[in-house]
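Notes follow once the structure below has been shown.
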2 protein chains.
Amino acid sequence: MKTNKDENTEEQILNAAKNVFQVKGMDGARMQEIADKAGINKAMLHYYYRSKQLLFEAVFKTAFSLLAPQLNTILNDDSSIEDKIRNFTSNYITFISKHPYLPNFIIQELNRNPDFILKMKNNLGFPNLEKFKKQVKTEVEKGILKPISAEQLFINILALNIFPFVARPLIMAFTNTNDKAYKQLIENRKTEVADFIINSIKNT
Amino acid sequence: MKTNKDENTEEQILNAAKNVFQVKGMDGARMQEIADKAGINKAMLHYYYRSKQLLFEAVFKTAFSLLAPQLNTILNDDSSIEDKIRNFTSNYITFISKHPYLPNFIIQELNRNPDFILKMKNNLGFPNLEKFKKQVKTEVEKGILKPISAEQLFINILALNIFPFVARPLIMAFTNTNDKAYKQLIENRKTEVADFIINSIKNT
DNA sequence: ATATTTGCTAACCATATGGTTAAACCATCT
DNA sequence: AGATGGTTTAACCATATGGTTAGCAAATAT
């Protein structure tokens, strides 16, 4: 019996859980707080999701499945490496700006429990580097790009895009910026990061 | 009355606390586990450090004061930007390889409690960008470097060096590498990251 | 030698927390 | 109307957890 109201409750729980888990992590999150945010009784959490662990996994999976497609953009379309980098950098920073807790949440929880990613790997749509590797190799051979391994390039792209969100408090302290200035700094990166990468790898 | 034995106990606690806190974080750490690892009674933790919070702060401060001097290397010596980047990249990756939990610990806990860094900012030896900024400006004006803001360059350097340690489980999954292969990949970055950055910013 | 301070432990405490239960509620079907 | 079955709640439970206390042990001072 899936009335509207039922679906709402389940979704409300997931939403509240998303907020709490992403901000406080598995260990810091409290079932009571999730229930309060969802505006329901704590017992409902268990009615719908059985346990904290399962509720957490539901949140983690939706978070991860939000992030993965973004990566596939750069891996699986047919444009040139340069275009891919420009597109990805701009899109990704825009995307994360709307979900600023996402990368940190995923990275943190994977460090807490590295085996967790094995469950994700089986999912359809898990990022796969094969096409990207071939493409980098081809463009290097053609002399479009300077020699670089696809893995290292991929890591660099991720690092330059994701790190400013993950290490935000640290960087804000080092660079002496407030929220507004940091937002601007991130905004600038939408094009600067791509330029930075392409400057480095493109043959002239 | 600081006998050897006393100092040993206090240090043993700090050491055990370091291990537990760095792996499990403030929320995931248990006082009992710290006591067990230190081989002493739980009450001793409170005898020496009063509360979990204070013990945690002691750990955090030592961790942070281990990391900060590394950053000052790149900021405050007199070599050229290029040399700084080469030195820093190699040294930093070597250093972190010996303390792999450090960056993630600091980043995670700062996200949990951003105000925490204010306490650090007052410490002597807190990284300061002023000299680095001037130097970048000078080298850009001289035409040695392509135009880039010192802040963005600094963020890029940090990102490329630190991110592979922070996001290790994620990257291992994406690139399909095991522990050994990942270690090699990191090893290669000691020079490749510097090349990557310098390629990007140096005028030819 | 004795008193005193310091280091340490076992037992205990109050509270927080994830989870359960029994009963109430409410919509739908007969 | 009354039975049925999914949904929701208040009250409850067992355990984990940070923290405290009273007293012992050992070193230091007198």
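In what follows, chains carry the letters A, B, and so on, assigned in the order in which the sequence lines appear, proteins first and then strands, with residues in each chain numbered from 1.
Judged by distance alone, with hydrogens and angles left aside, the side-chain atoms of A/Ser200 form no donor-acceptor pair with the main-chain N or O of A/Phe196 at under 3.5 Å. Using a distance-only test at 3.5 Å, with no hydrogens or angles considered, a donor-acceptor pair links the side chain of B/Tyr182 to the main chain of B/Pro164.
In this structure, B/Arg30 fails the cation-pi test against B/Phe21, since its NZ or CZ atom is not both closer than 6.0 Å to the six-membered ring centre and inside 45 degrees of the ring normal. A cation-pi arrangement is not found for A/Arg112 relative to B/Phe105, the charged atom failing to lie both closer than 6.0 Å to the ring centre and inside a 45° cone about the ring normal.
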Kindly list each side-chain donor-acceptor pair under 3.5 angstrom involving residues 114-129 of chain B, sequence neighbours excluded, with atom names and distances?
| from | atom 1 | to | atom 2 | distance (Å) |
| --- | --- | --- | --- | --- |
| B/Lys119 | NZ | B/Glu57 | OE2 | 3.4 |
| B/Lys121 | NZ | A/Asn176 | OD1 | 3.2 |
| B/Asn128 | OD1 | B/Glu130 | N | 2.8 |

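Atom CD1 of B/Ile34 and atom P of D/dG19 are 11 Å apart (whole Å).
For A/Thr9 and D/dT8, the shortest distance from a side-chain N or O to OP1 or OP2 is below 4.0 Å. The shortest distance between the side-chain N/O atoms of B/Tyr47 and the OP1/OP2 oxygens of C/dC8 is not below 4.0 Å. Between B/Tyr48 and C/dC8 there is a side-chain polar atom (N or O) within less than 4.0 angstrom of OP1 or OP2.
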Restricting both atoms to N or O, compile the protein contacts to nucleotides 14-17 of chain D shorter than 3.5 Å, with distance only.
| from | atom 1 | to | atom 2 | distance (Å) |
| --- | --- | --- | --- | --- |
| D/dT17 | OP1 | B/Arg30 | NE | 2.5 |

Restricting both atoms to N or O, compile the protein contacts to nucleotides 21-23 of chain D shorter than 3.5 Å, with distance only.
none

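The A/His46 side chain lies nearest to C/dG19 when the options are D/dT8, C/dG19, C/dA10.
By the 30° and 60° cut-offs, the orientation of the rings of A/Phe95 relative to A/His99 is tilted.
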